[in-house]
Number of protein chains: 2
Amino acid sequence: MAERPGPQGGHGLLYLTDEQLRKGIEAMFFAYRGFTSAPDRILEEQDYGRAHHRALHFIQRSPGTTVGNLLDILGVTKQSLNRVLRKLMEDGLVEARVGREDRRERHLHLTDKGKVLEKLLADAQRDRMRAAYRAAGPQAVAGFRQVLEAMMDPEMRRHFDGDDKAGSR
Amino acid sequence: MAERPGPQGGHGLLYLTDEQLRKGIEAMFFAYRGFTSAPDRILEEQDYGRAHHRALHFIQRSPGTTVGNLLDILGVTKQSLNRVLRKLMEDGLVEARVGREDRRERHLHLTDKGKVLEKLLADAQRDRMRAAYRAAGPQAVAGFRQVLEAMMDPEMRRHFDGDDKAGSR
DNA sequence: CTTGGAATGTCAACGACGCTGACGTATCTT
DNA sequence: AAGATACGTCAGCGTCGTTGACATTCCAAG
């Protein structure tokens, strides 16, 4: 994969100049803002923040996931996550079920109410994503995904790869 | 790498399914973390945060830019930006020069000391970016940039386009 | 000269969301 | 019985966002 253009002197590696890299860095910055702006607007109205969105997203993606697993994915402290989860549970958006095999574990699920908000957020974010994907085309999307994947920390790539849906469990 | 021998139903819009969009959303999340982690580690040692990095970056990019212009680019309140700029000026990393034409404006410049830190941060971030670019290849990079640009808010694209440092090289 | 607006800076207070440290409890493992 | 694990929580702190109010400086217009 990623066949390398050889040492062809002039313009072969133009995309690796400092200036090109700087543009890429700024593109990430500006795009990430656009990426989060739609859900942010929704969250703001309800006294939630991005942290709540992230929790809802990953619980939705992996129903029954444990607190520890979520900590691993989100990369925050348990105190920080706990503050978020407590509020989501108080508000009846998330439900924690004691593990059957290991009763120390709490398996997290969205309630119907939680699913409603999660879907609202996901739809808003997907709309933005879809518009960008459509404007750029399938080939650009493939490249986009390749670069993002290469940019992740290896441990994060572990959480990302392999969860190709497949409803397996 | 294409791990999708999928039996697509003939149409070429497979990349716009909700599942594909969800993967794109998570890719942005995980990649952005990787993208910021290197500079974050450096900043942490010096009592600065991402906000300081952003200010240094955009002052470096456009020496002499005004506070108002920076507010526009960064999309924060002047109170928030002022806190950051004040510290950077106290620490002797940034210098504000009164405008010649309009003496109300402050034109921001990096001091030599500021340039040193900015370069340290930029190098760390570019290293990560370069590795990702190299792994993905030029064509993927082009797609990456197309999608990111389409994802920006139009007003942000204004700040992004056109600053090609044209004529250089 | 006075008035008003624009650009900038400052103070105070607050909220979201990261962090560390310490402690408690239930539960599983050895 | 001892130790490790998973989770929750209290207490405190830091960064960086927010709003609101107010001062200053400068430019321009009446």
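Model, not experiment: these values are computed from the prediction. Letters go in sequence order (proteins before strands), and every chain restarts at 1.
- Judged as a side-chain contact (heavy atoms from CB on, under 4.5 Å), and not counting sequence neighbours, the contacts of A:A27 are B:R145, B:L148, B:M152, B:F160.
- Note on the helix from C:dC1-D:dG30 to C:dT30-D:dA1: angle between the axes of the first and last five pairs equals 10°, rounded to 10 degrees.
- Residues B:H57 and A:E26 bring a donor and an acceptor atom of their side chains to less than 3.5 Å of each other.
- Counting non-hydrogen atoms under 4.0 angstrom, B:E44 reaches nothing in the nucleic acid.
- Considering only residues two or more places apart in sequence or on other chains, B:A96 meets the side-chain contact (heavy atoms from CB on, under 4.5 Å) condition with B:M89, B:R106, B:L108.
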Any chance you could list the contact pattern along nucleotides 6-16 of chain D? Use B for base contacts, S for sugar-phosphate-only contacts and - for none, protein heavy atoms under 4.0 Å, 5' to 3'.
SBBBB----SB
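- Residues satisfying the side chain to side chain donor-acceptor pair (under 3.5 Å) criterion with A:R128, sequence neighbours excluded, are A:S37, B:D153.
- The existence of a salt bridge linking A:K23 and B:D161 is excluded, since no basic side-chain nitrogen approaches an acidic carboxylate oxygen closer than 4.0 Å.
- In this structure, the side-chain contact (heavy atoms from CB on, under 4.5 Å) partners of A:D123, at least two apart in sequence or on a different chain, are A:K119, A:R126.
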Show me the side-chain donor-acceptor pairs of residues 75-82 of chain A shorter than 3.5 Å, one per line, residues at least two apart or across chains.
unit_1: A:T77; atom_1: OG1; unit_2: A:S80; atom_2: N; d: 3.3
unit_1: A:N82; atom_1: OD1; unit_2: A:R86; atom_2: NH2; d: 3.2

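- Residue pairs meeting the salt bridge (Lys or Arg N to Asp or Glu O under 4.0 Å) criterion with at least one partner in residues 28-43 of chain B, sequence neighbours excluded, are B:D40-B:R50.
- Closest heavy-atom contact between A:Q60 and A:L110: CB-CD1, 3.7 Å.
- When DNA chain C is scanned in the 5' to 3' direction for atoms under 4.0 Å from non-hydrogen atoms of chain B, the outermost contacting nucleotides are C:dG5 to C:dC11.
- Atom CZ of B:R97 is separated from atom C1' of D:dC26 by 21 Å (rounded to the nearest Å).
- Listed by chain and number, the residues in a ring-ring contact (aromatic ring centres under 6.0 Å, His included) with A:F58 are B:F29, B:F30 (sequence neighbours excluded).
- Judged by closest nucleotide on DNA chain C, A:T77 is the one of A:T77 and A:R103 placed further toward the 5' end.
- Residues meeting the side-chain contact (heavy atoms from CB on, under 4.5 Å) test with A:K87, sequence neighbours left out: A:D47, A:Y48, A:H52, A:D91.
- Shortest non-hydrogen contact noted between A:V147 and B:A132 is O-CB, 4.0 Å.
- No donor-acceptor distance shorter than 3.5 angstrom exists from the side chain of A:Q125 to the backbone of A:T36, with no hydrogens or angles considered.
- A heavy atom lying under 4.0 Å from DNA chain D marks none of the residues of residues 30-41 of chain A.
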